[in-house]
Amino acid sequence: MTPGSRPTSDDVRRWVSEDFGVHAVVVDEVTGGTDTSAAVWRVIDGEGTAWAAKWTTRPSRTGTRLVSSMAAAGLEGTPGTRTTADGRRRSRRAGGKLALTRWSDGEDAATVGLGLEAWRAYGALLADVHAHAFPVPPRRQGARRGIRRRRRRYRAEIRALDAAADLAGRSAVADADADADAGAAAGAAQATAAAAARSADPVLDLWRDARDRVDLLLRGTRLEPGAAGDPVPCHGDPHLGNVLVESDGSLRLVDWDEAVVGPREIDLHLVEFSVLFTPATPEQLAAFRAGYGPVELDERRLVRYACIRALEDLTSTMTAALTSTGADRDEALRVVTGILAPAGSASLVEPRLRQALDLQGI
């Protein structure tokens, strides 16, 4: 394969044979994900067993170690893994890492929904993950070490978006002035309006409109937790899109690339403040908490984490919308508007954020 390019199905067929000893009869790429640094294939071997082959350039060592540890402990709800022929959890291929886990034919909970008993099971599943005995992994370059997920910090994204909006605004004024001078004798107002319309960008318009809300979220990142959180193994991104409902009704957590050892609020803020534009109802939250069990959560930490997540998602998709075209741009714009909509993650956290800021005097 060409250096820097994504693997093909033929690449994966050869790699799973050479690295994992699996003779692939069928290799189908799975589409629809938003992670551009990873790719997934459904692999069926000669015995009819289905596997998920995932190649990623992200530093996901903690996730593979955690999944292997939980599978060895018999923890239900986590995918079974297959090691390489020489006993490693992943193989190195084409500048990334390849892992092989058992495929699940379950449907994601964000699509099929969960009844209240399933919400209770969802809570119990995350409680089992958090209770699992797993040592804090060694610090490694690029590995996730807390709530932050993106390699590029959201504050740098904000500065870049502000600069783009400022440049576009100055360009619009310059174009308008030039057209006004050229057409002073015949329709200067119309020429000015035309120049402004040419310089307009819906992404930057959205950014300007949302800028005060971004500042509010930034204030939330300065909230100080009330106490140090006990470090526990966390999935890192356990929204309902990463929860599969199996044919027997059991639940399975997938996509462990964001796994981290840290305060349990890293996971639980995603239950309180959904990132899928469908907030949990009070009844669903009550069922989840009943399944999870009694625990004292730090409100300021929950809110702070939700602010950071909203800022990361908002700035990264704003940047993607600004730099992409066609269907990719449309999808990024859909996510941006969703985050800012009444059911979006930015909107969900704002009421509790204002309360927390008032109480802490920020």
Side-chain angles (χ1 to χ4, degrees), residues 62-63 66-67 69-71 73-79 104 106-136 144 146-147 149 223 225-246 248-256 258-276 278-310 345 348-349 351-352 356:
T62 300
L66 179 55
V67 168
S69 175
M70 290 186 298
L75 181 64
E76 296 183 3
T78 56
S104 169
E107 298 183 86
D108 73 85
T111 300
V112 301
L114 296 179
L116 292 183
E117 280 304 312
W119 272 90
R120 181 188 292 267
Y122 177 29
L125 177 55
L126 271 184
D128 286 343
V129 173
H130 295 168
H132 179 65
F134 184 72
V136 176
R144 187 180 184 190
I147 183 60
R149 302 161 58 237
L223 287 169
D230 294 330
V232 301
C234 294
H235 177 279
D237 199 24
H239 57 70
L240 293 184
N242 285 331
V243 178
L244 298 185
V245 182
E246 305 286 8
D248 62 359
S250 62
L251 304 182
R252 185 179 300 275
L253 273 170
V254 296
D255 196 355
W256 291 79
E258 302 287 358
V260 63
V261 175
R264 67 187 71 239
E265 287 91 348
I266 288 175
D267 279 348
L268 297 182
H269 87 274
L270 291 169
V271 180
E272 298 279 334
F273 308 103
S274 172
V275 295
L276 298 182
T278 306
T281 67
E283 294 78 15
Q284 290 168 338
L285 288 175
F288 176 90
R289 292 165 184 158
Y292 189 88
V295 64
E296 186 174 343
L297 299 178
D298 190 302
E299 172 70 4
R300 292 201 294 265
R301 181 178 286 112
L302 277 174
V303 171
R304 177 175 176 270
Y305 285 172
C307 289
I308 293 172
R309 174 66 182 243
S345 55
L348 294 178
V349 74
R352 285 165 64 174

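Since the model is a prediction, treat every value here as computed from it, not as a measurement.
Atoms CG and SG, from L268 and C234 in turn, are 7.5 Å apart once rounded to the nearest 0.5 Å. Of the inter-residue distances, the one linking L297 atom CG with R264 atom CZ reads 7.5 Å to the nearest 0.5 angstrom. Atom-to-atom distance recorded for I266:CD1 and D237:CG is 11.5 Å, nearest 0.5 angstrom. Within the model, atoms CD of E272 and OG of S345 stand 14.0 Å from one another, a figure rounded to the nearest 0.5 Å. Note that CZ of R352 is 3.5 Å distant from CZ of F273, once rounded to the nearest 0.5 Å.
The minimum heavy-atom distance linking L223 with V303 is given by the pair CD1-CG1, 3.7 Å. Taking both residues in full, the closest heavy atoms of A259 and G63 are given as CB-CA, 3.5 Å, listed atom of the first, atom of the second, then distance. Closest heavy-atom contact between P263 and Y305: CG-OH, 3.5 Å. Residues D298 and R301 share a closest heavy-atom pair of OD1-N, 2.9 Å. Contact detail for P238 and L126: the closest heavy-atom pair is CB-CD2, 4.0 Å. What you find for L125 and G77 is that their closest heavy atoms are CD1-CA, 3.9 Å.
Salt bridge status for E265 with R304: absent, with no side-chain N to carboxylate O gap under 4.0 Å.
At least one side-chain heavy atom of V271 sits under 4.5 Å from a side-chain heavy atom of W119. Annotation: side chain of E107 is not in contact with side chain of L244 (no heavy-atom distance under 4.5 Å).
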Output, in order, the C-alpha distance, side-chain angles, deciding distance and verdict of side-chain contact (heavy atoms from CB on, under 4.5 Å) for V232 and F134. CA-CA 8 Å; V232 301; F134 184 72; over 6 Å; no

Worked verdict on H132 versus L66 for side-chain contact (heavy atoms from CB on, under 4.5 Å): CA-CA 9 Å; H132 179 65; L66 179 55; 4.0 Å; yes

Using the side chain to side chain donor-acceptor pair (under 3.5 Å) rule, take E246 and S104 through it: C-alpha gap first, then chi angles, then the decisive distance, then the call. CA-CA 7 Å; E246 305 286 8; S104 169; 2.7 Å; yes

Take W256 and T62 through the test side-chain contact (heavy atoms from CB on, under 4.5 Å) and record every step on the way to the result. CA-CA 8 Å; W256 291 79; T62 300; over 6 Å; no

E258/H235 under side-chain contact (heavy atoms from CB on, under 4.5 Å): CA gap, chis, key distance, verdict: CA-CA 6 Å; E258 302 287 358; H235 177 279; 5.8 Å; no

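Using a distance-only test at 3.5 Å, with no hydrogens or angles considered, a donor-acceptor pair links the side chain of R252 to the main chain of T78.
One side chain, D267 or H130, offers a donor N or O that lies under 3.5 Å from an acceptor on the other. Checking S274 against H239 by side-chain atom types alone, no donor-acceptor pair falls below 3.5 Å.
Considering T111, L240, L114, D108 in turn, L114 is the only one that fulfils the side chain to side chain contact (heavy atoms under 4.5 Å, CB included) rule with V245.
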